Every structure is written in C-alpha cells, then in structure tokens.
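These notes concern the structure reproduced below.
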There are 2 protein chains.
Amino acid sequence: MDIETRAQEFEQALRRAGVRITRQRAALLRVLAGAGDHPDANQLYQRASEAGAGVSLATVYRTLSALETQGVILKLEFEGEPARFEPADGRHHDHMIDVETGEVMEFVNERIERLQAEIAAEMGYEIVRHRLELYVRRKT
Amino acid sequence: MDIETRAQEFEQALRRAGVRITRQRAALLRVLAGAGDHPDANQLYQRASEAGAGVSLATVYRTLSALETQGVILKLEFEGEPARFEPADGRHHDHMIDVETGEVMEFVNERIERLQAEIAAEMGYEIVRHRLELYVRRKT
DNA sequence: ATAAATGCAAATGATTTGCAGGCTC
DNA sequence: GAGCCTGCAAATCATTTGCATTTAT
C-alpha cells in the first residue's frame with residue numbers, strides 16, 4: 001500500500017469519528033503514513049515543516065492524541081526518551097531496542113501472547129493491553 | 001528478613017560502592033526496606049518525612065538514583081504515572097497492573113523469559129534488560 | 001453559521017541541577 | 001580536613017492548555 005492510500009485511510013478513520021481534516025492534519029497524516037521508522041512528536045513536526053506544511057508543535061501533539069484515540073496510531077514509550085509513534089495498521093507486534101544504536105525492531109510471538117493471556121486468566125484478570133520491550137545488544 | 005536487616009544490607013551495598021550513608025539516606029533505606037507496595041518518589045518523601053527524617057525531595061531523587069545505580073532498587077515506569085521503585089532483592093519478576101484500581105501485582109514466568117531470550121538470539125542479539133507489563137481488568 | 005481547530009505563549013509535572021553551607025569518612 | 005551531601009530554588013524537558021482567531025463542514 002502506498003503512502004497516499006494509507007494516508008487516505010487514516011483520513012477516513014478520522015472523518016468517521018467526526019474529526020475535521022484540516023490542512024495541518026492532512027499533512028501530518030501523510031508524514032505518518034510515510035514513516036518507516038518510529039518518530040517522536042518533534043521529528044514529525046520537523047518533517048511536516050520541511051514538507052512545507054505550516055504546523056505548530058502544539059497541533060502535532062493535539063493531532064497525535066486524536067489519532068491515538070481513534071486507534072489509527074500507537075504511542076510507544078521507551079525508556080529515557082520522548083514518546084514515539086507508529087501507524088497502527090499492521091498486526092500487533094512488540095519491540096526490541098538496540099541499546100547501543102537506538103535502533104527499534106519489531107517482532108511477533110504468538111506463544112508469548114498466549115502465555116500472557118494465561119497468566120492474567122489464572123489470576124482472574126483479562127488483558128486490556130500490554131507492553132513488552134526487549135532492550136538488547138548485538139551478540140559478540 | 002526483617003526491615004532493619006534488609007536496610008542494613010542496602011547500606012552495605014552502598015558503602016561498598018563508596019557512597020556515604022547520611023542520616024537522610026539511612027532513613028530512606030529504611031522506608032524502602034519496609035515498602036510492601038511500589039511507591040513513587042513523592043510517597044517515599046512523605047513516608048520519610050512522617051518518620052521524622054528531615055529529607056528534601058531533591059535528596060530523595062538523588063538517593064534513589066544512587067541506589068538504582070548500585071542495583072539495590074529498581075525503577076518501574078508504568079504508563080501515565082510517575083516512576084515507582086521497589087527493592088531489587090528478590091528474584092526477577094514482571095508486573096501486572098489493574099487498570100481500574102491501579103493495584104500492582106508481580107508474577108514470574110520462566111517460559112516467557114526463555115522465549116524472549118530465544119527471540120533475541122534468533123535475531124543475533126542478547127537481552128540487556130526487558131520490560132513486560134500487563135495492564136489488566138478483573139474478569140467479569 | 002457554528003463548532004472545532006490552530007498558534008502562541010504560558011502552565012504543568014516530574015525530575016534534575018547550581019550553589020553555598022554541612023556533615024561523613 | 002577534604003570532598004561528598006544536603007536543601008533550596010531555579011532550570012529542564014516533554015507535553016498540555018487557555019485564549020483569541022481562523023477554518024472546515
């Protein structure tokens with residue numbers, strides 16, 4: 001799926017929720033749709049600005065939280081750094097962070113997901129959401 | 001192990017690292033040693049103050065980070081709240097947070113630990129540390 | 001037309017830090 | 001006695017918010 005298509009899907013989701021698509025938001029959606037990495041609010045602000053969109057950082061934050069509320073993007077809060085964001089389109093995955101380089105990788109493991117659900121169930125709970133982050137170093 | 005014994009073990013660890021044991025730190029160590037919950041900096045500050053120790057919040061933070069550096073306590077950063085701390089004496093465990101009540105529970109699962117190590121290894125990494133949090137709701 | 005969104009600057013909240021005087025080793 | 005510690009207040013940093021003005025629908 002190309003960037004424009006994905007951006008339009010984001011727009012639909014927002015419109016459906018009654019959120020207005022302003023010039024700023026349209027620009028942000030495109031930046032997000034094209035982000036292969038996991039940018040933070042400030043990086044998104046930079047990218048949108050470079051793309052010629054007149055956007056303020058406050059609006060970036062406000063838009064990000066609207067998008068998060070609509071479930072269009074996910075907020076990632078890794079240790080010791082500002083929150084990062086990623087499109088929420090794919091399937092659920094967890095993250096692995098290289099502590100030397102800062103690189104963020106994604107991974108999926110069905111067995112871990114199942115075990116988590118079992119653990120919660122055994123204690124009489126159901127999982128609302130979870131957070132699994134592996135801080136790793138390249139093996140020598 | 002009683003509170004005083006644990007507090008003294010904390011002191012030893014700090015002394016060994018060349019950190020001075022001041023009246024404030026001694027008090028903090030006792031508060032931490034006696035904490036069955038997972039208090040944040042401000043709660044520790046309150047408790048130490050109530051216990052009659054004249055401590056400032058700045059010193060609480062400075063002491064907590066010294067303790068963390070020495071590996072005596074662990075810092076927990078759950079979503080949307082100030083950092084909490086717990087003594088690092090027991091075996092490793094992860095946390096489950098009841099999103100309704102805020103209650104924090106601990107759990108251990110060897111299989112999940114092993115799977116995490118395997119996942120990292122498959123991608124050529126070794127785990128430095130990890131974070132696994134289950135945000136749960138009591139089953140209806 | 002009207003309610004929602006924007007930009008700016010000021011406010012927040014948690015945590016950190018500079019500095020002058022104190023206290024531990 | 002020397003240097004680490006402390007308390008205080010001011011500084012940071014990411015994020016949020018009040019308000020007057022603009023804009024999408």
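Within every chain, numbering begins at 1; the chains are lettered A, B, ... in the order of the sequence lines, protein sequences first and strands thereafter. The model shown is predicted, which means the values in this text are computed figures rather than measured ones. FYI, side chains are in, hydrogens and waters are out, and symmetry mates aren't considered; it's all heavy atoms of this structure.
Note on B/T22: a side-chain N or O is less than 4.0 Å away from OP1 or OP2 of D/dT6. Side-chain nitrogen and oxygen atoms of B/R25 include at least one within less than 4.0 Å of the OP1 or OP2 phosphate oxygen of D/dT6. Listed pair A/Q24 / C/dG7 meets the phosphate criterion, a side-chain N or O lying under 4.0 Å from OP1 or OP2. Within the 4.0 Å cut-off from OP1 or OP2 of D/dG7, at least one side-chain nitrogen or oxygen of B/T59 is found.
DNA chain C forms stems at C:1-10 with D:16-25, C:12-14 with D:12-14, C:16-25 with D:1-10, each a run of 3 or more consecutive Watson-Crick or G-U wobble pairs whose two key distances fall under 3.5 Å.
If you take CG of B/L29 and P of C/dT24, they are 15 Å apart, rounded to a whole angstrom. Computed from coordinates, the A/D40 CG to D/dT16 P distance equals 13 Å when rounded to whole Å. Atom P of nucleotide C/dT15 and atom CD of A/E81 are separated by 17 Å, given to the nearest angstrom. In this structure, B/N42 atom CG and C/dA14 atom P are separated by 8 Å, rounded to whole Å. With rounding to whole Å, B/Q43 atom CD is found 16 Å from C/dG13 atom P. One can place CD of B/E79 at 16 Å from C1' of D/dT15, the figure rounded to the nearest angstrom. Atom-to-atom, CZ of A/R15 to P of D/dA24 comes out at 11 Å; the value is rounded to the nearest Å. Atom-to-atom, CD1 of B/I21 to C1' of C/dG22 comes out at 17 Å; the value is rounded to the nearest Å.
A salt bridge is defined here as a Lys NZ or Arg NE, NH1 or NH2 lying under 4.0 Å from an Asp or Glu carboxylate O, and A/E11 with A/R15 meets this definition. Salt bridge annotation for B/R129-B/D94: absent, with no cationic side-chain nitrogen under 4.0 angstrom from a carboxylate oxygen. Looking at A/K139 and A/D98, no side-chain N of the basic residue comes within less than 4.0 Å of a carboxylate O on the acidic one, giving no salt bridge. Contact check on A/E4 versus A/R30 returns a salt bridge, with a Lys/Arg side-chain nitrogen under 4.0 Å from an Asp/Glu carboxylate oxygen.
Remark: the A/R20 side chain and the C/dA3 base include a donor-acceptor N/O pair separated by less than 3.5 Å.
Nearest to the side-chain atoms of B/R62 among the listed nucleotides D/dC8, C/dT6, C/dA14 stands D/dC8. For B/Y61, counting side-chain heavy atoms from C-beta on, the closest listed nucleotide (D/dC5, C/dT6, C/dT15) is C/dT15. The side chain of B/A58 lies closest to D/dC8 when the candidates are C/dA14, C/dG7, D/dC8. Checked against C/dT15, D/dG7, D/dT6, the side chain of B/A83 finds its nearest nucleotide in C/dT15.
Between B/E77 and A/R23, the residue whose closest nucleotide on DNA chain C is further toward the 5' end is A/R23. Both B/R84 and A/V19 lie close to DNA chain C; mapped to their nearest nucleotides by heavy-atom distance, the more 5′-ward contact belongs to A/V19.
Residue A/G18 is out of contact with every strand shown, counting any heavy-atom pair closer than 4.0 Å.
As rounded to the nearest Å, C/dT15 and C/dC19 have P atoms that lie 24 Å from one another.
A side-chain donor from one of B/H93 and B/E86 sits under 3.5 Å from a side-chain acceptor of the other. A donor-acceptor contact closer than 3.5 angstrom links the side chains of B/E133 and B/Y135.
Of all the heavy atoms in A/L132 and A/F107, the pair that sits closest is CD2-CZ, 4.1 Å.
Taking the ring centroids of B/F78 and B/H95, they lie under the 6.0 Å cut-off.
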